[in-house]
Amino acid sequence: MRRGDSPVTEPLREWFARPTEQVARDLIGCTLAVDAGTSSAVIARIVETEAYLGTSDPASHAFRGPTPRSRLMFGPAGHLYVYFTYGMHHCANVVTEMDGVAGAVLLRAAAVEGGEAAVMARRGDGATGAGLLRGPGNLCRGLGITRADNGIDLLEPASRVHLDRRESTPPIAIGTRVGLRHATDRLLRFSWLGDPAVSRPVPRDRGETN
DNA sequence: GTTGCGATTGGCT
DNA sequence: GCCAATCGCAACC
């Protein structure tokens with residue numbers, strides 16, 4: 001146990017430090033708590049994720065080894081990895097795997113369970129309901145996640161964003177990752193089967209349930 | 001120092 | 001389905 005770790009958070013740290021695909025699947029149904037205790041508090045249930053592996057995954061930022069941007073993916077699990085892309089969108093990831101091994105799970109979509117008005121205000125467009133946190137860019141925008149949140153510890157109670165485990169196992173659909181040039185055939189996308197907040201439903205012939 | 005492009009999105013054909 | 005918007009990275013010279 002590293003200095004500063006509490007006996008309570010350390011078992012959770014080990015849960016995040018498992019293989020990336022397993023964490024990606026198990027994050028479906030978990031809830032994000034943002035700005036808890038403030039007037040803009042939001043609770044969001046994760047409904048879609050993608051696994052990005054380490055140096056063996058050509059689609060991963062970690063593929064060519066650690067860089068100034070990707071070094072967080074090689075660090076301890078349970079931290080938030082946020083990057084900026086297309087000159088306008090942020091994407092939020094949860095770091096996985098043992099310290100020294102790269103891996104992260106992209107949060108692609110979530111369902112708002114509390115604080116909908118705060119999310120609508122942050123969106124600032126006409127988005128409502130299941131569309132509020134649909135898609136990785138929209139998820140960050142609706143939750144106010146930017147590079148200012150890069151590296152925060154999701155297990156630390158004081159963090160602006162933290163994550164709670166789900167109670168039961170939802171029906172899961174498995175499919176290929178979205179928007180990639182390489183490794184487009186790997187089944188590393190996980191979603192809550194049939195949830196209206198999922199960004200792009202998994203084609204029926206590729207889907208599986210558990 | 002320069003350059004090509006991306007784990008996206010919304011709008012239009 | 002196609003495409004522009006817009007800029008930080010990382011690769012390359």
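Per chain, numbering begins at 1; letters A, B, ... match sequence-line order.
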Whole Å only: how far is the [atom1] atom of [X] from the [atom2] atom of [N]?
X        : N     : atom1 : atom2 : value
A:Arg200 : B:dA7 : CZ    : P     : 14 Å
A:Leu107 : B:dT8 : CG    : C1'   : 15 Å
A:His90  : C:dG8 : NE2   : C1'   : 11 Å

Q.
Quick test of the criterion, 5.5 Å between centres and less than 30° between planes. Is A:Tyr83 stacked on B:dA7 or not?
A.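 Whether judged by distance or by angle, A:Tyr83 falls short somewhere, so it does not stack on the base of B:dA7.
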Q: Identify whether any heavy atom of A:Leu180 sits under 4.0 Å from a base atom; if not, whether one sits that close to sugar-phosphate; answer base, sugar-phosphate or nothing.
A: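 Sugar-phosphate only.
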[X] side-chain N/O to [Y] backbone N/O, donor-acceptor pair under 3.5 Å:
X        : Y        : value
A:Asn138 : A:Leu133 : no
A:Arg166 : A:Ile28  : yes
A:Glu48  : A:Ser199 : yes

**Q.** Short side-chain N/O contact to B:dG6 OP1/OP2 from A:Arg181, under 4.0 Å
**A.**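 Answer is yes, contact under 4.0 Å.
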Q | A:Asp185 and A:Arg177 ion-paired at < 4.0 Å | A | no
Nearest-0.5 Å distance that lies between atom [atom1] in [X] and atom [atom2] in [Y]:
X       : Y        : atom1 : atom2 : result
A:His79 : A:Glu156 : NE2   : CD    : 9.5 Å
A:Thr31 : A:Ile46  : OG1   : CD1   : 7.5 Å
A:Arg25 : A:Leu27  : CZ    : CG    : 12.0 Å

(Q) Tell me every residue that passes salt bridge (charged side-chain N to carboxylate O under 4.0 Å, His left out) with A:Glu97, counting only those two or more places apart in sequence or in another chain. (A)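 A:Glu97 satisfies salt bridge (charged side-chain N to carboxylate O under 4.0 Å, His left out) with no other residue.
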Q.
Checking A:Arg18 now: which residues fulfil salt bridge (charged side-chain N to carboxylate O under 4.0 Å, His left out) with it, not counting sequence neighbours?
A.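 Partners of A:Arg18 under the salt bridge (charged side-chain N to carboxylate O under 4.0 Å, His left out) test: A:Asp26.
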Q) Expressed in whole Å, how much space separates the P atoms belonging to B:dC5 and C:dC3? A)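 Between the two P atoms, the distance is 15 Å.
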Q: Identify, with sequence neighbours excluded, every residue that meets side chain to side chain contact (heavy atoms under 4.5 Å, CB included) alongside A:Leu154.
A: A:Leu80, A:Val94, A:Val161, A:Leu163
Q. For DNA chain C, what dot-bracket results from Watson-Crick or G-U pairs at under 3.5 Å, with [ ] for crossers and | for inter-strand partners?
A. |||||.||||||.
Q.
Strictly by ring pair (Phe, Tyr, Trp, His ring centres under 6.0 Å), give each pair with a member in residues 87-120 of chain A just once, sequence neighbours left out.
A.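 Checked against ring pair (Phe, Tyr, Trp, His ring centres under 6.0 Å) - neighbours excluded - the pairs reaching residues 87-120 of chain A are A:Phe84-A:His90.
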Q | Members of residues 116-130 of chain A that approach DNA chain B, where some heavy atom sits under 4.0 Å away | A | A:Arg123
Q: Under 4.0 Å from any atom of DNA chain B, heavy atoms only: list the residues of residues 131-149 of chain A that qualify, in numerical order.
A: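 Only A:Gly135, A:Pro136, A:Gly137, A:Asn138 qualify.
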Salt bridge (Lys or Arg N to Asp or Glu O under 4.0 Å) contacts touching [range] (sequence neighbours left out):
range                       : answer
residues 28-45 of chain A   : A:Asp35-A:Arg122, A:Asp35-A:Arg160, A:Arg45-A:Glu113, A:Arg45-A:Asp195
residues 61-86 of chain A   : none
residues 128-142 of chain A : A:Asp125-A:Arg141

Q) Is there side-chain contact between A:Cys91 and A:Leu106, with heavy atoms separated by less than 4.5 Å? A) yes
Q: Could you list by number each residue of residues 61-69 of chain A showing a heavy-atom separation from DNA chain C of less than 4.0 Å, or answer none if no residue does?
A: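 Correct list: A:Arg64, A:Thr67, A:Pro68, A:Arg69.
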**Q.** Reference residue A:His61; test ring-ring contact (aromatic ring centres under 6.0 Å, His included); the match among A:Phe74, A:Tyr83, A:Tyr52
**A.** A:Tyr83
Give every pair of a protein N or O atom and an N or O atom of nucleotides 3-7 of chain C that lie under 3.5 Å apart, one pair per line with the distance.
{"from": "C:dT6", "atom 1": "O2", "to": "A:Tyr86", "atom 2": "O", "distance (Å)": "2.3"}

